[in-house]
Structure formats: C-alpha cells, structure tokens
There are 2 protein chains.
Amino acid sequence: MNTIWIVEDHAAFRRTLERVLNAETGLQCTRDFDSCEKLLAALAHDDAPHLILLDVGLPGMSGLAGIRFIKERAPKTLIVILTVFEDDDKVFQAVCAGASGYLLKTSSVTEITQAVRDALAGGSPMTSRIARRVLDMFTKFAPKHSDYGLSEREKEILQLMTTGLIKKEIADRLTLSVHTVDTYLRRIYEKLEVNTRTGAVAKALKEGLV
Amino acid sequence: MNTIWIVEDHAAFRRTLERVLNAETGLQCTRDFDSCEKLLAALAHDDAPHLILLDVGLPGMSGLAGIRFIKERAPKTLIVILTVFEDDDKVFQAVCAGASGYLLKTSSVTEITQAVRDALAGGSPMTSRIARRVLDMFTKFAPKHSDYGLSEREKEILQLMTTGLIKKEIADRLTLSVHTVDTYLRRIYEKLEVNTRTGAVAKALKEGLV
DNA sequence: TGAAAGCCCGCATGCTCATGTGGCTGAGCA
DNA sequence: TGCTCAGCCACATGAGCATGCGGGCTTTCA
C-alpha cells in the first residue's frame, strides 16, 4: 500500500483529491495539510509517506522552498507538484529541488490519479508543455562543447589548472619540467585566445572543454 | 498544414506511420527516408519540414549525431525521437542536441500521432519514465549553489575574475584601488578555502557561485 | 553603546606568471 | 625528402600575484 500526503490550501479540492485517491486500490491518503509549515512539522516526528502531492503557491512558506526541506528530511519521498503556474522560473526551481512530477491544477482527478501511479512506478508525469520547458532549460544549461583544437596533453594540463594547481605542481604531477608546462600554457592561451590562466580556466569550465 | 518527414529504416513501420499521419487532418507526411544520410542530403536543397520523426539506432550515421546536423541546418524544425532505447546516455545526448520529444517504439500509432500534435503545439511529448530520466539528469547537472557566505561585493569581484580580468582591471571597473581589490581577494580566498585566483574561479564556476 | 561585519585604502616582500628567445625528438604527411 | 606539429626542455625578464602588516568609515543588531 502506497501512502500519500496532500498539501493544498483549498479545502474542497483537497478533500476531493483525498476521496478519489482513497477510492483507488493500492493508494492511501493518510494525511493532509493546508500549509507547508504543518507538513514539515509532521515530517519531523512521523514516518514520511511514499509520495507528497504539493501545491506550490501556498500562503506562507512557498511550496518551492518546501521541496528542499522535504528532500532533506525524506529524500526517498516522491514529490509531485500541483500548480496553476507554468512559468520557467517555477518549473526550473521545482526541478532543481528534486520534484518528480509537475501537474497543472487544470488536470482532471483521473489524470492526477494516473500521475500518482506513474510517479510511484518510477516515472515523472508532466504535461508535454512543461516537458518542453524542461528540455529547453536543459539545452540552455548543457555545456557547449566548443572545440578549439586542443591536443589531449593540452586538455590534461588545462584540466589540472581548473583544480587550482600552480605550474610547479602541474609539472610535478605529470613529471615534467616547469618549462614544458610553460610551453603548453602558451599554446593553450593561444588556442583559447586568452592571456591569463584565469581566463583559460574560466573558458574551459564555461564551455565544457574539460 | 504541417509537414512531416520520417526517418526510419524499417520499411513496413515507416509506411504505416506515413499512412496514419496522412489520414490526419492538418498533418502531411511529405518525405520519408531509410537513413539519416539521405535525410541530410534532402535537407541540403529542399525546404525543411515542420517536424521530423527520427529513429535513433539506424544503420550508418547514428540518429543522435543526425540531430545536431538537423538543428544546424534547420533550427526551427522540431525533432521527435522514436526509439527502442531508454538508457540515460541516449536520452541525454538527444536532449542536449535539441530533440523536442522522445517516444518509445512500443507506442501505438495513436500515441505517436498525438505526440506529433503535441510537439507541433509547443509541447515535448515523452513517456513519464523518460521524463524521470531527464529530471534526474537535471538535478545532477544543476549548479550546486553552495553558500560560502560571500558578501555581494565579494561576489561581484569574483564574477569579474571569472571573466579573466586582472586586479588592476577589476579595480578600474569598480573604481576602486587595487589595494581594496587585494583585500577582497584575501577574504574570498579565505571563504572559499583556496589560495590562488585560479582555484577561486574554478570553485565559483563549478559550484555556481556567480 | 559597543562589538561585529561590510566596505574601503595603503605599503612591502618574495613568489609566480606570461612571454620573449632558443633548442631537440619522433610521428605523420606530402 | 623536407615539412609541420605535438611533445619536451631551457633561461631571462618585467609584470602580476599572495600575503604580511597597518589604518579608517559606516551600518546593524544585541
């Protein structure tokens, strides 16, 4: 039996959800809250449920902030967001904080029930519009993987630079002379079109060269 | 009328898809290919379609590699992946390359048709299992946002460091004395537990401090 | 009302860096 | 055969760096 908690300030909607979920075999809604604070209080001394249906856009503590707390105290508990918002920032924050599903409140109770089952079965239910948002953010944040024609050895040295080592340390690490490291740095600077190690490291990390 | 191209090496499946999509109002499957190479050749001289249904796991050029080419030549064309694979690496690469949907071949033709409509309407259809994969990757790659208690001014200077500026330039940029910048750098080094600008920049970029 | 913390400035010292110049080897290509 | 290019080494010099010390002024909060 999978236990579910609901956090939702709209009393009528909350009760409807509860009733519908309890009518399902294998699902049991054991607790419900009208604020995130109360949920956190309950988490402090009771066992966490398998899944939490969480309204973001609650009065008081933002549901978004709540996700982090939940994930800290009960990392295994699945969190399915229930919201009227569909904007990038909200979605982004929820996803980063570790939500496992993202539903719109306009969804039917059938859809919500199905989503709960999906999430429990290892899926991440979300509308395709929200999925698009997530994918867009992904491509935006993914490293660019530019190519400056660095050789393997050059990349190796660049990588060591990004760990904060100084020339001498790099030389020792690779059993080379500092002069040799010097030579590589020049070439790296030339290829990356920078003239300081800081610039090189910044470029390497920003563009995923290492 | 939305135009669709299909890239799929299994001839029978390709024809079925084509027939089903053409039976839909508003959709028209104008071309079909049994390899990625042929698709790219067609893209070179013909107008790109609105959407491409792409099989990854084709003989010859990988469909995955094909995505990048398609996105280069026709950035606006939506790409919906059709695959038997569900492993992290494939999904990750497809998502990074800019796919707008990710379907399993076990989907019914009705589901595929619906997915095509979803994608054209601005969504990113995918199964909830795949969505979970994407979300997991997202949390894995998202900046950690560690907090070292840096002040605003310190962050500002750290940020300027990540652009490759030297002390003097930072001082000029903020109309400060180099000595003041020195003082900040000390504090930043102390807080980040590093002792070179390279280390500071690396830590800042790796942990999303800026 | 006094301590703490953020912001700002100064100087000196020794270390590290960037960059100029030069050289040697071996692999691969034309 | 001669060329380029990656990899390695060397030395010198001026600029830039980290870090030691010192000071001041304001805001915040207990």
Side-chain angles (χ1 to χ4, degrees), chain A residues 37 60-61 65 143-210, chain B residues 143-210:
Chain A
E37 286 83 352
M61 171 187 271
K144 287 195 222 69
H145 272 90
S146 327
D147 187 9
Y148 291 92
L150 292 175
S151 74
E152 280 312 307
R153 199 59 161 165
E154 284 160 359
K155 280 183 193 164
E156 198 177 356
I157 283 166
L158 186 52
Q159 202 280 322
L160 288 174
M161 275 210 282
T162 64
T163 66
L165 298 184
I166 63 173
K167 281 186 197 178
K168 179 81 178 60
E169 291 168 332
I170 296 177
D172 288 350
R173 193 69 69 92
L174 301 177
T175 46
L176 288 177
S177 131
V178 275
H179 307 298
T180 310
V181 176
D182 257 345
T183 309
Y184 283 116
L185 290 187
R186 292 162 209 239
R187 282 214 264 263
I188 294 172
Y189 292 170
E190 201 180 327
K191 289 182 180 175
L192 298 190
E193 292 165 18
V194 298
N195 49 13
T196 60
R197 61 202 301 88
T198 315
V201 167
K203 207 150 189 171
L205 290 175
K206 284 179 184 165
E207 310 197 6
L209 299 176
V210 291
Chain B
K144 287 194 222 69
H145 271 90
S146 327
D147 187 8
Y148 290 91
L150 293 176
S151 74
E152 280 311 308
R153 199 60 161 166
E154 285 160 0
K155 281 182 194 165
E156 198 177 356
I157 284 166
L158 186 52
Q159 202 280 321
L160 288 175
M161 274 210 282
T162 63
T163 65
L165 298 185
I166 63 174
K167 282 186 195 178
K168 179 79 179 65
E169 290 168 332
I170 296 177
D172 289 350
R173 193 71 68 93
L174 301 177
T175 47
L176 289 176
S177 130
V178 274
H179 307 297
T180 310
V181 176
D182 258 344
T183 309
Y184 282 117
L185 289 188
R186 293 163 210 237
R187 281 215 267 266
I188 293 172
Y189 291 171
E190 202 180 326
K191 289 183 180 176
L192 297 190
E193 293 164 20
V194 297
N195 49 14
T196 59
R197 63 203 298 88
T198 316
V201 167
K203 207 151 188 171
L205 290 175
K206 284 178 186 167
E207 310 198 6
L209 298 176
V210 290

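Since the structure is predicted, the reported quantities are computational estimates derived from the model, not experimental observations.
In this structure, B:Lys191 NZ and B:Tyr184 OH are separated by 10.0 Å, a value rounded to the nearest 0.5 Å.
When distances are taken from the side chain of A:Ile166 to each of C:dG6, C:dG20, C:dC17, the shortest belongs to C:dC17.
Residue contacts shown for B:Arg186 include a base, since a base heavy atom lies under 4.0 Å away. Residue A:Arg197 is in sugar-phosphate contact alone, with no base atom involved, counting any heavy-atom pair closer than 4.0 Å across all strands shown. Using a 4.0 Å heavy-atom criterion, one finds that B:Asn195 contacts the sugar-phosphate atoms exclusively. Contacts of A:Ser151 with the nucleic acid, taken as non-hydrogen atoms under 4.0 Å apart, involve only primed sugar atoms and P, OP1 or OP2. Residue contacts shown for B:Lys168 are absent, as no nucleic acid heavy atom lies under 4.0 Å away. Using a 4.0 Å heavy-atom distance criterion, B:Thr196 is classed as a sugar-phosphate-only contact.
Taking the side-chain hydrogen bond (donor to acceptor under 3.5 Å, both in side chains) definition, one finds that A:Thr198 meets it with B:Arg197, sequence neighbours left out.
Counting 5' to 3', DNA chain D first comes under 4.0 angstrom of a heavy atom of chain B and last does so at the ends given by D:dG16 to D:dC21.
Each of A:Glu207, A:Lys155, A:Glu154 was compared with A:Tyr148 under the side chain to side chain donor-acceptor pair (under 3.5 Å) criterion, and only A:Glu207 meets it.
One interatomic measurement links the two molecules: CD1 of B:Ile170 to P of C:dC7, which rounds to 15 Å at whole-angstrom precision. Atom CG in B:Asp182 sits about 11 Å away from atom C1' in C:dC9, given to the nearest Å.
Taking 4.0 angstrom as the limit, B:Ser177 places a side-chain polar atom (N or O) nearer than this to OP1 or OP2 of C:dG10. For C:dC8, one of the phosphate oxygens OP1 or OP2 lies less than 4.0 angstrom from a side-chain nitrogen or oxygen of B:Tyr184.
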query: Can you list the steps and then say if B:Arg187 with B:Glu190 is a salt bridge (charged side-chain N to carboxylate O under 4.0 Å, His left out)?
result: CA-CA 5 Å; B:Arg187 281 215 267 266; B:Glu190 202 180 326; over 6 Å; no
